[in-house]
Chemist: 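Structure provided below as structure tokens; questions to follow.
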Amino acid sequence: MDFNMKKLASDAGIFFTRAVQFTEEKFGQAEKTELDANFENLLARADSTKNWTEKILRQTEVLLQPNPRKTLVKVAEAEKRLGAAERDFIHTASINFLTPLRNFLEGDWKTISKERRLLQNRRLDLDACKARLKKAKAAEAKATLWNDEVDKAEQELRVAQTEFDRQAEVTRLLLEGISSTHVNHLRCLHEFVESQTTYYAQCYRHMLDLQKQLGRFPGTFVGTTEPASPPLSSTSPTTTAATMPVGPSVAGLGPPGEAALCLEEVAPPASGTRKARVLYDYEAADSSELALLADELITVYSLPGMDPDWLIGERGNKKGKVPVTYLELLS
């Protein structure tokens with residue numbers, strides 16, 4: 001019982017010391033060991049990965065919710081087939097897309113968060129030891145402490161430094177593993193798109209069959225009983241998607257404000273430009289985009305009607321669209 005009480009008291013003392021160190025750092029009253037720029041970049045990259053994984057997960061779950069307004073009472077059999085295709089799509093998307101994202105958040109990210117908290121505690125302990133050693137040396141200079149007090153403070157500092165360095169290396173390795181998470185997310189996204197392609201192809205085929213069936217009834221008005229494109233292949237979802245008809249109102253519609261965007265004529269607004277630091281390398285997909293290099297600084301601004309996920313970026317005499325997710329906007 002006494003041992004447990006002492007341990008609780010010790011843990012409370014350590015927690016209080018860390019809290020004091022953290023508070024003093026926030027108010028600029030204590031020294032803080034700064035992590036190197038590459039480590040800070042890894043932390044920011046890990047946070048960005050976690051935030052975007054949560055966002056993708058939430059929005060995809062909303063997308064996959066069944067919509068009761070799609071129910072067509074008069075075409076119950078066709079709707080039944082559509083429902084079966086939708087169930088297959090949701091099941092496939094859940095296994096190949098949502099589950100891996102959820103596993104990352106509930107597995108790898110929890111481990112990373114735990115190690116980051118340990119690193120924070122080790123850093124606070126290290127900085128507290130530095131402060132104690134500094135005070136001990138100052139007191140020694142005034143001959144108010146024995147030399148063994150300074151030796152004890154130096155020993156505690158060495159131990160704290162060793163534990164901090166070990167924890168920093170563990171955390172660094174976990175953060176560097178985020179790259180494999182990105183690759184896995186892209187693979188999951190590819191499989192999700194493939195399942196969407198299959199789903200839409202099946203829906204098109206079912207509705208085409210329904211159109212033909214309705215055209216056999218006398219007096220039933222059906223606009224066109226023949227497909228507007230070559231018949232669908234039941235064995236190649238990718239080919240199917242490529243042959244699906246697209247109405248002119250969809251085919252000719254681009255993002256608002258960007259379809260007629262001429263970069264040579266774009267001028268930055270009088271106010272609203274900001275500096276941004278590039279987080280990762282980015283290769284431009286076409287001449288309207290600006291290639292980026294990690295850690296460089298560029299000027300960015302938005303134009304009316306632009307996709308909120310993009311900005312106009314300028315570097316020297318070059319300009320083009322840049323993705324917001326690759327930037328850290330500076331105040």
Chemist: With rounding to the nearest 0.5 Å, note down the distance linking CG in Asn51 to CD1 in Ile56.
Modeler: 11.0 Å

Chemist: Counting N and O atoms only, with roles assigned by atom type, does the side chain of Glu296 sit under 3.5 Å from a partner on the main chain of Arg277, one being a donor and the other an acceptor?
Modeler: no

Chemist: For Arg205, is there an ion pair with Asp209 - N to carboxylate O distance below 4.0 angstrom?
Modeler: no

Chemist: Check this for me: does any side-chain nitrogen of one of Asp127 and Arg122 sit under 4.0 Å from a carboxylate oxygen of the other?
Modeler: no

Chemist: Which of these passes side-chain hydrogen bond (donor to acceptor under 3.5 Å, both in side chains) with Arg158: Gln155, Glu156, Gln161?
Modeler: Gln155

Chemist: Quick one: do Leu105 and Leu98 end up in the same hydrophobic cluster if we chain Ile, Leu, Val, Met, Phe, Trp and Tyr together by side-chain heavy atoms under 4.5 Å apart?
Modeler: yes

Chemist: Report the residue from Asp47, Thr171, Asn121, Thr111 that forms a side-chain hydrogen bond (donor to acceptor under 3.5 Å, both in side chains) with Arg116.
Modeler: Asp47

Chemist: Do the side-chain N and O atoms of Arg102 and Thr53 include a donor-acceptor pair separated by under 3.5 angstrom?
Modeler: no

Chemist: Can you measure from CG (Leu292) to CG (Leu279) and round to the nearest 0.5 angstrom?
Modeler: 10.0 Å

Chemist: Please find the pair of heavy atoms, one from Tyr282 and one from Leu290, that lie closest to each other, and give the distance.
Modeler: CD2-O, 3.8 Å

Chemist: Please identify which of these residues, Leu330, Ile312, Leu327, meets the side-chain contact (heavy atoms from CB on, under 4.5 Å) condition with Val300.
Modeler: Leu327

Chemist: Is it possible for you to say whether Leu329 and Met306 belong to one hydrophobic cluster, with membership spreading through side-chain heavy-atom contacts below 4.5 Å?
Modeler: yes

Chemist: Could you verify whether a donor N or O on one side chain and an acceptor N or O on the other, from Ser113 and Lys50, lie under 3.5 Å apart?
Modeler: no

Chemist: Identify the heavy atoms of Tyr280 and Val278 that sit nearest to each other, and give their distance.
Modeler: O-CG1, 3.0 Å

Chemist: Membership question, hydrophobic clusters at under 4.5 Å side-chain separation (ILVMFWY): are Val159 and Leu157 in the same one?
Modeler: no

Chemist: Assess whether a salt bridge exists between Glu106 and Lys110, defined as any Lys/Arg side-chain N lying under 4.0 Å from an Asp/Glu carboxylate O.
Modeler: no

